[in-house]
Amino acid sequence: MAVGRGKGPRMGLESLKARILRSIKPTDEEIRFATYRANEIIARLKAATPRNVEIVTAGSVARGTQVRGSYDIDIFLLFPRSQDERRMEAEGLAIAKKIVNKRRGESFAIKYAEHPYVKVSFGDDKISADIVPAFKIKDATEIGSAVDRTPLHNEFVNKNLNGRQKDDVRILKAFLKNHEVYGAEAKVRGFSGYLCELLIFNYGSFEGVINAFSKMRLPLIVNVGNKLCIDPKSAEGVALEKQFKSDFVFLDPTDINRNVAASVSQRSIAKLALLSKSMLKKADMKTFSGPKYSTTMSRDRILALQKAMNIDIYLLAFKSDDIADDIVWEQLVKFRNRLGDLLAKNGFSPLQSFQNAGNGTCIIAFLINKSETGSVLLRGPSVFMGDAVNAFSGAHKASFALFLENDRVVSLDKPRYSNAHELLSGLKRNNNVTIPSHLKPASSFLFVNSEIPESYAKLLYEAFESARIRYL
Ligand code: CTP
């Protein structure tokens with residue numbers, strides 16, 4: 001296995017890691033500024049918070065696992081567990097909103113992950129702060145809201161990861177970001193920050209993670225607390241796979257009833273497995289940094305592809321409601337799958353399909369072979385099935401001809417749709433197809449090949465490039 005020039009694979013990765021760290025570890029100046037900003041917000045919060053509410057920093061800033069220029073300050077307001085959950089949320093949000101100084105150009109947005117929080121921006125393009133209300137708990141048995149475990153995660157990471165390993169978390173996060181598999185959000189369904197920390201703890205180092213994923217076999221069930229890989233065939237393994245309905249389980253060391261990897265898709269696991277093999281084969285900056293592509297003249301790029309492949313590209317355009325990105329993305333996934341099935345059922349199986357969203361605009365696109373369906377053969381019942389045959393012929397009055405295939409009647413009919421265009425252009429009028437609630441068809445809805453305008457082509461090209469595997 002040749003890595004670098006004349007060096008063994010270990011040396012190659014080690015010197016590469018040192019180079020990477022020089023560009024992704026926050027500078028001293030950046031850390032000083034983040035600390036100053038965190039302290040300044042905490043001071044403001046202290047003045048606005050009742051004494052029984054504790055204020056703590058959490059997330060990657062509190063753990064020293066943040067990547068240069070790409071993190072938020074997470075500040076948790078910890079309320080007594082005895083309080084009602086809705087009241088705790090409402091009070092926490094009210095406190096967070098109160099500290100925002102609009103006269104200084106500061107602003108806030110209420111965000112919803114599994115739980116509401118306030119994102120404060122400071123009008124200076126520098127690090128923003130997420131202020132999150134939660135319950136103060138001693139251990140997971142006391143959990144009252146989705147984010148209560150976070151301070152326990154802080155404790156676990158700070159107790160169990162040394163400085164070198166925290167740097168390895170940064171390297172792993174940057175590697176996954178470069179290849180678009182970092183983050184648990186619906187669009188990515190990749191590895192969250194906390195899962196990266198647990199992977200480094202479990203496998204010891206970045207190299208350990210890369211080695212493990214290069215040999216990955218599913219199911220994989222890991223009890224991170226004691227670094228124990230549970231045999232998936234054992235009674236415990238089978239029970240855990242069933243409990244979490246997943247073949248990729250990393251039990252939270254602070255809460256044995258939570259799978260930290262619950263939102264990681266099979267595709268993300270497979271992508272990291274491929275990437276790991278590539279890193280072991282060639283540990284260089286190019287493999288680490290991932291593909292670079294430009295989205296200028298996306299329309300030309302898409303049309304060149306369409307012509308070279310001799311296919312048709314159909315693109316549907318929507319405006320989306322102003323709601324959480326995850327909800328819009330999930331609706332796009334469902335609708336794309338439903339349309340893909342409908343196309344396939346009518347003889348126009350998509351070769352590939354894509355979706356993307358940005359600035360309130362969404363697209364779904366299908367790559368389909370050019371084809372026309374002249375007639376379809378529809379199979380009816382057996383003549384020995386009483387009146388069923390008459391019902392069938394009654395329902396196929398427009399049939400070109402009826403035949404017998406052994407004992408069954410078959411009909412050569414005009415197809416419902418002769419081509420994919422007929423099916424897709426009729427969607428808005430088709431009562432059997434419901435367009436998801438938060439997707440509003442754009443006034444110009446369907447575009448084929450050269451009709452696709454640059455702005456939609458950009459979204460499609462981005463989706464195409466990000467889905468493509470280039471490191472095989
Ligand atoms: N968290 C969690 N489950 C989630 C999201 C977040 O348990 N689905 C907790 C984790 O403890 C996480 C913390 O909330 O570390 C903060 O989450 P986030 O700000 O999303 O990520 P960071 O870990 O801070 O990583 P990054 O460096 O990307 O900011």
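Numbers here are sequence positions counted from 1. Counting convention: from 1, in listed order, for ligands and their atoms alike.
- At a 3.5 angstrom cut-off on N or O pairs, K173 counts as close to ligand 1.
- Atom 10 (C) of ligand 1 has its nearest heavy-atom neighbour, among R149, E197, K177, H153, in H153.
- Residue D74 has at least one nitrogen or oxygen atom sitting less than 3.5 Å from a nitrogen or oxygen atom of ligand 1, judged on distance alone.
- Judged by the shortest distance from any of its heavy atoms, R63 lies inside the 4.0 Å radius around the atoms of ligand 1.
- The nearest protein heavy atom to atom 21 (O) of ligand 1 is not closer than 4.0 Å.
- Remark: E142 engages K138 in a salt bridge (Lys or Arg N to Asp or Glu O under 4.0 Å) (not counting sequence neighbours).
- Within the 4.0 Å heavy-atom criterion, the part of R258 lying near ligand 1 is the side chain and not the backbone.
- When only non-hydrogen protein atoms are considered, atom 8 (N) of ligand 1 lies nearest to E114 OE1, 3.5 Å.
- Set against the non-hydrogen atoms of Y182, the atoms of ligand 1 under 4.0 Å away are 25 (O), 26 (P), 27 (O), 28 (O).
- For the pair K126 and F33, the cation-pi criterion (under 6.0 Å, within 45° of the ring axis) is fulfilled.
- For the pair R37 and F122, the cation sits on the ring face: its NZ or CZ lies under 6.0 Å from the ring centre, inside 45° of the axis.
- Considering backbone and side-chain atoms alike, S60 places an N or O below 3.5 Å from some N or O of ligand 1.
- Per-atom contact check: atom 6 (C) of ligand 1 does not touch the protein, criterion being a heavy-atom distance below 4.0 Å.
- Rounding to the nearest 0.5 Å gives a distance of 7.0 Å between OG1 of T65 and CZ of R170.
- Under a cutoff of 6.0 Å and an axis angle of 45°, K227 and F201 form a cation-pi pair.
- For atom 13 (C) of ligand 1, the closest non-hydrogen atom on the protein side is T150 CG2, 3.7 Å.
- Residues meeting the ring pair (Phe, Tyr, Trp, His ring centres under 6.0 Å) test with F76, sequence neighbours left out: none.
- Between Y456 and the choices F445, F318, Y314, F447, the ring pair (Phe, Tyr, Trp, His ring centres under 6.0 Å) rule is met once, by F447.
- The G59 neighbourhood of ligand 1 comprises atoms 16 (C), 24 (O), with distances under 4.0 Å to a heavy atom of that residue.
- When L351, L339, L315, I313 are each tested for a side-chain contact (heavy atoms from CB on, under 4.5 Å) with F366, only one passes: L339.
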